[in-house]
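This report refers to the structure that appears directly beneath it.
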There are 2 protein chains.
Amino acid sequence: MSTAEAARRGVPDAAVARLPGYLRALTALAADDVASVSSEELAAAAGVSSAMLRKDLSYLGSYGVRGVGYDVERLASEIAAALGLTQDWPVAIVGMGNLGRALAAYRGFAERGFRVIALLDHDERVVGDEVAGETVRPMEDLPRLVEEQGLAIGVIATPPEGAQAACDHLVAAGVRSVLNFAAVVLAVPEDVTVRKVDLSTELQILAFHGHRGALAEAVAP
Amino acid sequence: MSTAEAARRGVPDAAVARLPGYLRALTALAADDVASVSSEELAAAAGVSSAMLRKDLSYLGSYGVRGVGYDVERLASEIAAALGLTQDWPVAIVGMGNLGRALAAYRGFAERGFRVIALLDHDERVVGDEVAGETVRPMEDLPRLVEEQGLAIGVIATPPEGAQAACDHLVAAGVRSVLNFAAVVLAVPEDVTVRKVDLSTELQILAFHGHRGALAEAVAP
DNA sequence: GCGACTTTGTGCCTCCCTTCACAAAGTCGT
DNA sequence: ACGACTTTGTGAAGGGAGGCACAAAGTCGC
């Protein structure tokens, strides 16, 4: 089964969400000059069960060797290919408030072909400011960024009120992948993919578990 | 069914993860002086189906009125109670690099009873620095923060190499809820809840979808 | 006070994901 | 060259979550 076939048949979303974890574990192994790894070892490194790892990898193809395991370099490159990480992914960050500036300064984006090519804000008082060595641009620059630089991913770091407008700008310019840090549900055409990251939600889920743990203790000590 | 009963019976994790979204939508409605809302309307605001919303809420109890809908204030307060947001949740941020400083400055934490009570770092060259109006403390302060201030949630914003050590410090001090921004899988005792937020993973998932979209187009235009 | 209407709460069904378990396949020692 | 051993890849079973559809329950108008 070729990579193209696998992509056409469709990898379950749940499996896709784990692939980056496998890739990271493999990269770490490669850095330690490990040449080969079993599903058991790799699964432990990625924090999943070995059966799940094997099934996930089987969606991509047969890249292991029975009785031996997986070639680290080879598997890493296959996963990277499946994720589409062989190409460059230009990223723009919209909203230069506290969070936006933090994201602009954060090095995590630079990994794996994600390049922050522009910082934008709709507020003309912020446009022109220098943030993390880049000049903040107006929203009107978006269409040009898409056409001339192949901008593909937009990161929304605006306050909740401005998020939908920012998203609309991105979509109108042709961006079809959005990472949303604002605490709102964004409405988008169905060919646009949105992923949401919300610190407040995460904390509230943690609160539930902490709360629940304390309660369970009180009920059945 | 009382809240305590509901908590004992157990709300599915998938439902818990959506409760913060409902709560946020309700808070927005309350701010607009809306007194009552139907499952259809609330579901739309939270971006889920009405059937799912009703099922999720049914895990908490029967707080709706048939033929009418839900009382906004009442439901908000029931969800807040279920999530454990009636109490205060002191939070500590560990790791004062780029990301840690950003999180310290980010106001999103202040919502809903989450108070950042301490910023920590293991590097003595950073300890004592002023970040977002707070003095950075050494890791050794953790046990005291737990005992004297009820510290309950730890946020890990260290580089990947230091994340496990930071987590061990938190757990040893008695923290049982951890929000992990580092790109590693943390090993913890089973009574500790860890949630992971990873920008790189999110971007890679977006890359997959962008990639796949382009591929599907090429195959069947 | 009663009937028509609205909207919730939930039993049931379906689908997808995870886990189990084993046959297939390849390696390594002799 | 062959047999014992290891580890993958996958068919089948099991479990859980989401959607459907309707009975139950309460409101509102008359």
Side-chain angles (χ1 to χ4, degrees), chain A residues 1-3 5-6 9-19 21-22 25-26 29 34-76 78-79 82 185 205 208, chain B residues 1-3 5-6 9-19 21-22 25-26 29 34-76 78-79 82 185 205 208:
Chain A
M1 180 162 55
S2 77
T3 303
E5 271 177 86
R9 291 192 195 182
V11 183
D13 282 354
V16 172
R18 286 185 292 265
L19 292 180
Y22 305 153
L26 287 166
L29 288 170
V34 178
S36 178
V37 67
S38 72
S39 64
E40 202 71 50
E41 295 165 322
L42 184 55
V48 301
S49 78
S50 66
M52 194 150 108
L53 171 72
R54 288 201 301 277
K55 179 137 285 193
D56 285 349
L57 294 183
S58 78
Y59 294 122
L60 307 183
S62 283
Y63 302 123
V65 178
R66 296 178 194 229
V68 177
Y70 300 88
D71 180 275
V72 172
E73 300 260 357
R74 170 86 193 288
L75 186 56
E78 292 294 348
I79 292 178
V185 178
I205 295 172
F208 174 85
Chain B
M1 177 163 54
S2 78
T3 301
E5 270 177 86
R9 291 192 194 183
V11 184
D13 282 354
V16 172
R18 286 185 291 266
L19 292 181
Y22 304 153
L26 286 166
L29 288 170
V34 177
S36 178
V37 66
S38 71
S39 64
E40 202 72 50
E41 294 166 323
L42 184 55
V48 300
S49 77
S50 66
M52 194 150 108
L53 171 72
R54 289 200 300 276
K55 181 148 285 191
D56 286 349
L57 294 183
S58 79
Y59 294 122
L60 306 183
S62 283
Y63 301 124
V65 179
R66 296 175 194 231
V68 178
Y70 300 89
D71 181 275
V72 172
E73 300 260 356
R74 170 86 193 288
L75 186 56
E78 292 294 348
I79 292 179
V185 178
I205 296 171
F208 173 83

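Note that the structure is a prediction, hence the values are computed from the model and not measured. Lettering follows sequence order; numbering is per chain, from 1.
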List in chain and number order the residues that pass side chain to side chain contact (heavy atoms under 4.5 Å, CB included) with [X], two or more places apart in sequence or in another chain; answer none if no residue qualifies.
X	result
B:Val37	B:Leu26, B:Leu29, B:Glu41, B:Leu42, B:Tyr70, B:Val72
B:Val65	B:Val68
B:Arg66	none

In terms of heavy-atom contacts, B:Ala82 and A:Phe208 come closest through O-CD1, 3.3 Å

Grab the two heavy atoms, one from A:Tyr63 and one from A:Arg74, that are nearest each other, plus how far apart they are.
CD2-NH2, 3.2 Å

Side-chain contact, heavy-atom cut-off 4.5 Å: B:Leu53 with B:Ser39?
yes

Any side-chain heavy atom of A:Arg18 sitting closer than 4.5 Å to one from A:Asp56?
yes

Quick one: [X] [atom1] to [N] [atom2], roughly how many Å, whole number?
X	N	atom1	atom2	value
A:Asp71	C:dT27	CG	P	13 Å
A:Leu53	C:dC17	CG	C1'	15 Å
A:Asp13	C:dC15	CG	P	18 Å

Of the candidate nucleotides C:dT19, C:dT27, C:dC17, which contains the atom at the shortest distance from the side chain of A:Val68?
C:dT27

In sequence, state the C-alpha distance, the side-chain angles, and the governing distance for B:Tyr22 and B:Leu75, and then conclude on side-chain contact (heavy atoms from CB on, under 4.5 Å).
CA-CA 9 Å; B:Tyr22 304 153; B:Leu75 186 56; over 6 Å; no

Mapping A:Val65 and A:Met52 onto DNA chain C by nearest heavy atom, which one lands closer to the 5' end?
A:Met52

DNA chain C: A:Pro12 or B:Ala51, which has the more 5' nearest nucleotide?
B:Ala51

Residues that A:Arg54 engages under salt bridge (Lys or Arg N to Asp or Glu O under 4.0 Å), provided they are two or more places apart:
none

What range of DNA chain D does chain A touch, first nucleotide to last, counting atoms under 4.0 Å from its heavy atoms?
D:dT6 to D:dA12

Which comes earlier along DNA chain D counting from the 5' end, the contact point of B:Lys55 or that of A:Lys55, where each point is its nearest nucleotide?
A:Lys55

Phosphate OP1/OP2 of C:dC17: any A:Arg18 side-chain N/O under 4.0 Å:
no

Which ones in residues 38-49 of chain A lie close to DNA chain C, meaning a heavy atom under 4.0 Å from one of its atoms?
A:Ser49

